[in-house]
Enquirer: 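I'd like to ask some things about the structure below.
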Amino acid sequence: MAWARNGTPDTLSSAGDTLSITDLTAKKFNQIISHMIASGSLTTNLNIENDSSGKHAYRISLADGTDTTATNSNQVQITGASVGDDFVIGYMSNISGEEKLAIMFTAETNTAGTTTAPYRTESAVKYAVTSGQVTRIDLENSHGSGNYDTNSNLTVLTGDETETTRAVQDGTIFEETDTNKAYIWNATSQTWTQL
């Protein structure tokens, strides 16, 4: 599976409270990556499809604490009230005819320096819409007193891409040094055959 960028990444040129990708191509699987540079306190929420009609539900664990759940929500909390930068990795299924599911992992700086450990947040997400596929996501600093500073970024990758073979000349020989085996390329059948 080849990973490729999906939509136009959002990198802030000035401080703000929202990171958005509004032009996602409808793909079955997406990986969400974000680095929020903090200017003050942040509390980040995920909003799928800019939908404020209560179609989100989630379970969150803040710093290994007791799970908290929310249903019929307008957005999904993915970080605690943090002081410092946040780094988010998320994986989302986006299959038409199914509710959309995601899992989000966040590392939060907490107080600077090695005398304070970072926070860890985990969120399980459900977007209870079965029609179509997601084409927009927003990360919003909805409740934090600070904002996302310049150069904060949101990027989405998709693994739902077809791999392509680059033009390799017919008869090319490849030697695998780990196994000490050699292979020859057949451009007609697009296969490697062991010599």
Enquirer: For Gln194, does the CD atom sit with more than 12 other heavy atoms under 6.0 Å from it, leaving out its own atoms?
Expert: yes
Enquirer: Same cluster for Tyr119 and Ile37 if Ile/Leu/Val/Met/Phe/Trp/Tyr side chains link at under 4.5 Å?
Expert: no
Enquirer: Taking side chain to side chain donor-acceptor pair (under 3.5 Å) as the test, write out the residues that go with Ser73, two or more places apart.
Expert: none
Enquirer: Residues in side chain to side chain donor-acceptor pair (under 3.5 Å) with Asp51, at least two apart?
Expert: Ser53, Tyr127
Enquirer: Is it true that Ile32 and Leu101 fall in one hydrophobic cluster, defined by side-chain heavy atoms closer than 4.5 Å?
Expert: no
Enquirer: Decide yes or no for Asn47 and Asn74: does some side-chain heavy atom of the first lie under 4.5 Å from some side-chain heavy atom of the second?
Expert: no
Enquirer: Contact between Gln77 and Thr43 at the side-chain level, heavy atoms closer than 4.5 Å - yes or no?
Expert: yes
Enquirer: Have Tyr148 and Thr44 got a donor and an acceptor in their side chains that come within less than 3.5 Å?
Expert: yes
Enquirer: Check the side chains of Thr109 and Asp85 for a donor-acceptor pair under 3.5 angstrom, ignoring hydrogens and angles.
Expert: no
Enquirer: How close do Asn110 and Ala117 get, heavy atom to heavy atom, and via which atoms?
Expert: ND2-O, 3.1 Å
Enquirer: Testing the 3.5 Å rule here: is there a donor-acceptor pair between the side chains of Ser20 and Asp138?
Expert: yes
Enquirer: Please answer whether the main-chain N or O of Ile95 pairs with a side-chain N or O of Lys100 as donor and acceptor at a distance below 3.5 Å.
Expert: yes
Enquirer: Before giving the answer on side chain to side chain contact (heavy atoms under 4.5 Å, CB included), spell out for Gln31 and Ile33 the whole-Å C-alpha distance, their side-chain angles and the decisive distance to 0.1 Å.
Expert: CA-CA 7 Å; Gln31 181 179 14; Ile33 305 168; 4.2 Å; yes
Enquirer: Please identify which of these residues, Ile60, Thr121, Leu139, meets the side-chain contact (heavy atoms from CB on, under 4.5 Å) condition with Ile78.
Expert: Leu139
Enquirer: Tell me, which pairs form a ring pair (Phe, Tyr, Trp, His ring centres under 6.0 Å) where one or both residues lie in residues 93-114, sequence neighbours left out?
Expert: none
Enquirer: Identify the heavy atoms of Ala38 and Gly84 that sit nearest to each other, and give their distance.
Expert: CB-O, 3.0 Å
Enquirer: Is it true that a side-chain atom of Thr158 and a backbone atom of Phe29 form a donor plus acceptor pair closer than 3.5 Å?
Expert: yes
Enquirer: Assess the residue pair Ile103 and Glu122 against the criterion (side chain to side chain contact (heavy atoms under 4.5 Å, CB included)); give the C-alpha distance rounded to whole Å, side-chain angles, the decisive distance to 0.1 Å, and a yes or no.
Expert: CA-CA 7 Å; Ile103 188 163; Glu122 299 169 348; 6.0 Å; no
Enquirer: Step by step, work out the side-chain hydrogen bond (donor to acceptor under 3.5 Å, both in side chains) result for Thr106 and Asp86.
Expert: CA-CA 7 Å; Thr106 305; Asp86 294 338; over 6 Å; no
Enquirer: Which residues pass the salt bridge (Lys or Arg N to Asp or Glu O under 4.0 Å) test with Glu98, sequence neighbours left out?
Expert: none
Enquirer: With a 4.5 Å heavy-atom cut-off, do Met92 and Val134 have their side chains touching?
Expert: yes
Enquirer: Between Asp149 (side chain only) and Ser39 (backbone N and O only), is there a donor and an acceptor less than 3.5 Å apart?
Expert: no
Enquirer: Using modelled atom types and a 3.5 Å cut-off, is there a donor and acceptor pairing between side-chain atoms of Asp10 and backbone atoms of Leu19?
Expert: no
Enquirer: Please list, chain by chain and in numerical order, all residues satisfying side chain to side chain donor-acceptor pair (under 3.5 Å) with Asn45, sequence neighbours excluded.
Expert: Ser142
Enquirer: Has the side chain of Glu176 got a donor or acceptor atom that lies under 3.5 Å from a matching backbone atom of Asp178?
Expert: yes
Enquirer: Just by modelled atom types, is the Glu175 backbone N or O under 3.5 Å from a matching donor or acceptor in the Lys181 side chain?
Expert: no
Enquirer: Closer than 3.5 angstrom, by distance alone: can the side chain of Trp185 be matched with the main-chain N or O of Thr191 as a donor-acceptor pair?
Expert: no
Enquirer: Does Gly146 offer a backbone N or O that forms a donor-acceptor pair with the side chain of Asn141 under 3.5 Å?
Expert: yes
Enquirer: Determine whether a donor-acceptor pair (N or O, by modelled atom type, separation under 3.5 Å) exists between the side chain of His56 and the backbone of Ile48.
Expert: yes
Enquirer: Going by heavy atoms in the side chains, are Ile137 and Leu24 under 4.5 Å from each other?
Expert: yes
Enquirer: Distance check, rounded to the nearest 0.5 Å: Ser52 atom OG versus Gln75 atom CD?
Expert: 9.0 Å
Enquirer: Quick one: salt bridge (Lys or Arg N to Asp or Glu O under 4.0 Å) partners of Arg59, sequence neighbours excluded?
Expert: Asp67
